[in-house]
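Notes for the one structure printed next.
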There are 2 protein chains.
Amino acid sequence: MSISFNRIQRPVTLSQEIVENIERSILERKLVPGQKLPTEQELCAMFSVSRTAVREALRMLSAKGLVTIKKRSGIFVNDMTSTEAVSGLGLYLELKFEKDYILHVFNIRQAIEPHVCRWAAANRSTASIWELEKNLLKMKDCPPEDRETESLLDQEFHQMIAAASKNPVVPLVLQPVFSLMPRIRAMVYTHIPNCVSAALEYHRRILDAIKQRDEEAAFREMQIHIANAAEQANEVIDIIDKKAHAQDEANRTTVSP
Amino acid sequence: MSISFNRIQRPVTLSQEIVENIERSILERKLVPGQKLPTEQELCAMFSVSRTAVREALRMLSAKGLVTIKKRSGIFVNDMTSTEAVSGLGLYLELKFEKDYILHVFNIRQAIEPHVCRWAAANRSTASIWELEKNLLKMKDCPPEDRETESLLDQEFHQMIAAASKNPVVPLVLQPVFSLMPRIRAMVYTHIPNCVSAALEYHRRILDAIKQRDEEAAFREMQIHIANAAEQANEVIDIIDKKAHAQDEANRTTVSP
DNA sequence: ATGTATAATATGTATGACACAATAATTGAA
DNA sequence: TTCAATTATTGTGTCATACATATTATACAT
């Protein structure tokens, strides 16, 4: 392995320095969420730099999700949500995704989600039960051919359980999984166009367990649900591999007759 | 609860549009990592906008980690790493951290890491074994009073196991956990200044299991290791709570004599 | 071929200007 | 006096221009 050195960028740009400065202020709670920052002009004066530098710094901060720029109104410290915090993940996975992520994702789901479900059973509020019931109703009313909606509801169900666990780190941990699922589902549907979803029944049993605060049942039912989904995913992988293989054969025969 | 709607910012700024445009090109692989983008001037011409708009767009893209701006040289499409992808997480957790995250993090670690360790035992390469051995040696040589280094090595060990699992989603999933651990460790050390770490022994047993490809043992040993760490963490929580309580009492008596 | 000096290039920063929407201030009506 | 409509002000969005300075390429000398 040949190591490589990165170029040394000695003098940081002004805008970066401004970014770091403001970022530090936010981290140190000198600037609190919702608070309005000084105007561009004032910032220019404070840092003794041009508006160019200040504006570029503010754009970077907004791209990072630390501030919100309200057009022609002002710059405000943003109350970062977990969703924004992991927004970069979506882009990353969009770029790096490949088909064997399907198995990897399901392995992880099998490991984590039953536990999360148990915690949900232990800590769920009545409000979350209500939300989950609503979700189930919507799924019941969803026409079987409307895959789009069904996927959304399925995802929502699992995310609501993550929230119901009352462990604030769980949604962060599961974010990569949830980011990848739409793509995985799309792949499943393109290769098994007329697969039938049994999500509704599984969700019903899971919700019942959570409702009754039956931690063991919640764990078990979620385990069963994910195992079933994983099985489906495995079938898809097989089909994709077979198709790829067939394609390969076809190519070989045409290339070297 | 009165809901509130956020203002709709219809006319997106020019720089935003440019960002979306270039972002799309990167996502569609029209621009590949390492590739140099046109110069600012050329981009101005292509989009028919001022240099201001282009520059602000480029700054946002660089803040998002999609491009790297080399000073006075050019703008290059960045090959996003998973670390960059979740860089926003660090900021978020810095802002949101509170003491009960300790328990939440350990709950999650108990749920996930044994599984990850099992996968590592199944899929580990000889290279990863070597790396893990090196880590263990360094930890053995680490003086017990050097908490800083020990923490780093401990974290490294767990991250290396995550990598050894050969599941590319695992490091992403565990990122929030690893982001929080330094802070948690710092808290432990401030409240139990002379606690003694038994990490070395546990790590030894874990590595042995992985080396022998003994999946069950790997699972079990990691489970034991994390359970032990969680126990310590619980003690710390107790101590903190007691201190807080004592402080509370003190305040009460001084305020209302 | 290697190293140095020069020129061309691209980004970094500053300044000034103006459009336009959002807010604040003012005015007018009930 | 209170509320609504109008006007004024403010602050951001965008453009144009200029120059500084570091990087890269070119040419030249050794």
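Remember, it's a predicted structure, so these values are computed and weren't measured experimentally. The sequence lines fix the lettering, A, B, ..., with proteins before strands; numbering per chain opens at 1.
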Looking at residues at least two apart in the chain, or sitting in another chain, which of them share a side-chain contact (heavy atoms from CB on, under 4.5 Å) with P182(A)?
-> Q155(A)
Should S73(B) be listed as having a side-chain N or O under 4.0 Å from OP1 or OP2 of dT24(D)?
-> yes
Of the candidate nucleotides dT14(D), dA10(C), dT13(C), which contains the atom at the shortest distance from the side chain of L14(A)?
-> dT13(C)
Considering only dT14(D), dA10(C), dG12(C), which nucleotide approaches the side chain of T13(B) most closely?
-> dT14(D)
Name all residues meeting the side-chain hydrogen bond (donor to acceptor under 3.5 Å, both in side chains) criterion together with N123(B); count only those two or more places apart in sequence or in a different chain, and write none if there are none.
-> none
Starting from the 5' end of DNA chain C, give me the residue, R72(A) or S15(A), whose nearest nucleotide shows up first.
-> S15(A)
Atom-to-atom span, NZ of K70(B) to C1' of dT21(D) - whole angstrom | 18 Å
Across all chains, not counting sequence neighbours, the side-chain hydrogen bond (donor to acceptor under 3.5 Å, both in side chains) partners of S50(B) are none
Please report, to 0.1 Å, the donor-acceptor pairs under 3.5 Å made by any side chain of residues 91-103 of chain B, with sequence neighbours excluded.
{"from": "E94(B)", "atom 1": "OE2", "to": "R183(B)", "atom 2": "NH2", "distance (Å)": "2.9"}
{"from": "K96(B)", "atom 1": "NZ", "to": "D79(A)", "atom 2": "OD1", "distance (Å)": "2.9"}
{"from": "K99(B)", "atom 1": "NZ", "to": "D241(B)", "atom 2": "OD1", "distance (Å)": "3.4"}

Indicate whether the side chain of D154(A) and that of H203(A) have a donor and an acceptor atom separated by less than 3.5 Å.
-> yes
Write down the distance between CD1 (I69(A)) and P (dA22(C)), rounded to a whole number of angstrom.
-> 15 Å
Positions of residues 42-59 of chain B (non-hydrogen atom under 4.0 Å from DNA chain C), listed by number = R51(B), R55(B), R59(B)
Any pair with a residue in residues 165-179 of chain B that passes side-chain hydrogen bond (donor to acceptor under 3.5 Å, both in side chains), sequence neighbours left out, goes on the list, sorted by first then second residue, please.
-> Q175(B)-S179(B)
How many Å lie between CG on L37(A) and P on dT12(D), as a whole number?
-> 10 Å
How close or far is atom P of dT12(D) from atom CD of Q16(B), stated in whole angstroms?
-> 16 Å
